[in-house]
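First up is the structure itself, then whatever we jot down about it.
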Amino acid sequence: MTQTALITGASRGLGSALAEALASTHHIIAVGRTVGALEELDDRIKAKGGSATLAPMDVTVPAAMATLCRGIHDRWGKLDLWLHTAVHAAPLTPASHIDAKDFQKSLDTNVSATSTLITYVAPLLGEAGQAVFFDDPVAGAKFLGSYGATKAAQIALAHSWQAETTRIGPIVQILTPRPMPTATRARFYPGEDRSALAAPHDEAARLIAQIGKSA
């Protein structure tokens with residue numbers, strides 16, 4: 001039976017690299033807001049002999065995520081792997097000048113959407129499936145208040161779910177990627193020497209090798 005991997009945030013960066021790396025062993029369900037980027041990902045996956053289902057959706061819309069998960073259930077009956085890389089990177093700003101709209105968008109994407117997805121995806125994963133989250137330990141860093149606080153909250157949710165499912169499944173892992181030359185990082189560290197950063201495809205291979213292993 002075909003193994004399935006849902007990747008939320010698959011349009012670019014780490015999510016896209018993970019999708020390509022897993023396509024040799026899984027049918028990829030790629031979720032992202034940028035249709036063109038998803039289509040390019042699909043082309044790369046097909047060129048390597050893999051297959052994908054594209055889901056151009058916004059993870060912050062609960063109805064869309066409900067439709068997505070119902071579609072996965074109706075077509076495959078279950079889900080083997082979920083990798084959650086979707087994130088909103090709010091502009092750099094001092095904590096005393098955080099824009100309310102930027103902070104709300106950070107909450108909606110990084111926290112509320114994650115909570116909703118856990119609720120919807122958990123039944124698809126059952127006891128044997130695996131869910132993977134990706135930490136970015138920048139909470140408390142200067143000018144990263146919106147992103148750092150909401151990313152930390154996202155990972156706190158993942159840790160809670162991990163603790164709750166230790167004996168009953170699914171397997172929940174939290175991995176920490178090395179710094180990569182992604183668009184998100186470029187917004188936070190303009191002018192950084194990107195040659196010293198890990199290539200997304202190399203990092204995807206390293207992280208995938210850790211999936212399923214004990215922390």
From Ile98 CD1 over to Gln104 CD, what is the distance, rounded to the nearest 0.5 angstrom? 12.5 Å
Between the main-chain N or O of Ser112 and the side-chain N or O of Ser115, is there a donor-acceptor pair closer than 3.5 Å? no
Interatomic spacing from CG in Leu81 to CD in Gln3 - rounded to 0.5 Å: 8.5 Å
List for me each residue that meets salt bridge (charged side-chain N to carboxylate O under 4.0 Å, His left out) alongside Glu192, sequence neighbours excluded, and say none if there are none. Arg185
Quick one, Arg206 and Glu203 - any side-chain contact, counting heavy atoms below 4.5 Å? yes
Could you tell me if the side chain of Phe134 sits less than 4.5 Å from the side chain of Leu83, heavy atoms only? yes
Backbone of His88 reached by a side-chain donor or acceptor of Asn110 within 3.5 Å: yes
Quick one, Leu157 and Phe133 - any side-chain contact, counting heavy atoms below 4.5 Å? no
Pairing of Lys46 and Asp42 as salt bridge, 4.0 angstrom limit: yes
Rounded to the nearest 0.5 Å, how far apart are CZ of Arg178 and CG of Leu207? 8.5 Å
Interatomic spacing from CZ in Arg33 to CZ in Arg12 - rounded to 0.5 Å: 9.5 Å
Going by heavy atoms in the side chains, are Leu6 and Leu68 under 4.5 Å from each other? yes
Under the 3.5 angstrom rule, does the side chain of Thr150 hit a backbone N or O of Tyr147 as a donor-acceptor pair? yes
Check whether any side-chain heavy atom of Val121 sits under 4.5 Å from a side-chain heavy atom of Cys69, and report yes or no. yes
Joint hydrophobic cluster, Tyr120 plus Val61, side-chain heavy atoms closer than 4.5 Å: no
Point-to-point distance, once rounded to the nearest 0.5 Å, from CG of Leu92 to CG of Leu144: 5.5 Å
Side chains of Lys151 and Gln154, donor plus acceptor under 3.5 Å: yes
Any donor and acceptor pair, going by atom type alone, linking the side chain of Gln162 with main-chain N or O of Val172 inside 3.5 Å? yes
What I want to check is whether the side chains of Arg75 and Thr4 have a donor and an acceptor closer together than 3.5 Å. no
If Ile, Leu, Val, Met, Phe, Trp and Tyr residues are connected whenever their side-chain heavy atoms lie under 4.5 Å apart, and connections chain through other members, are Met65 and Trp76 in the same group? yes
Side chain to side chain contact (heavy atoms under 4.5 Å, CB included) between Ile45 and Leu41, worked out: CA-CA 6 Å; Ile45 288 174; Leu41 170 64; 3.9 Å; yes
Backbone N/O of Pro170 and side chain of Thr165: donor-acceptor pair under 3.5 Å: yes
Between Thr85 and Gly9, is there a donor-acceptor pair closer than 3.5 Å when you use the side chain of the first and the backbone of the second? yes
Could you tell me whether the side chain of Thr93 reaches within less than 4.5 Å of the side chain of Asp102, counting heavy atoms only? no
Please name the pair of heavy atoms, one in Leu125 and one in Ala131, separated by the smallest distance, quoted to 0.1 Å. CD1-CB, 3.9 Å
Could you tell me whether the side chain of Val132 reaches within less than 4.5 Å of the side chain of Leu18, counting heavy atoms only? no
Could you check if a side-chain atom of Leu14 sits within less than 4.5 angstrom of a side-chain atom of Pro200, using non-hydrogen atoms only? no
Taking only residues two or more places apart in sequence, or in another chain, which ones meet Arg194 in a side chain to side chain donor-acceptor pair (under 3.5 Å)? none
So Val138 and Phe188, side chain to side chain contact (heavy atoms under 4.5 Å, CB included) or not? Walk me through it. CA-CA 11 Å; Val138 297; Phe188 293 158; 5.9 Å; no
Under 3.5 Å: donor-acceptor pair, side chain of Arg44, backbone of Glu20: no
Salt bridge (Lys or Arg N to Asp or Glu O under 4.0 Å) between Arg70 and Asp74, worked out: CA-CA 6 Å; Arg70 179 56 188 263; Asp74 290 347; 2.9 Å; yes
Using 0.5 Å steps for rounding, measure from the CD1 atom of Ile72 to the NZ atom of Lys78. 11.5 Å
Is it possible for you to say whether Ile118 and Leu79 belong to one hydrophobic cluster, with membership spreading through side-chain heavy-atom contacts below 4.5 Å? yes
Within the supplied structure, the quantity of interest is the number of heavy atoms (other residues, nucleotides, ligands) at a distance under 6.0 Å from Glu127 CD; does it exceed 12? no
I need the minimum non-hydrogen distance between Gly15 and Ile7, along with the two atoms involved. O-CG2, 3.7 Å
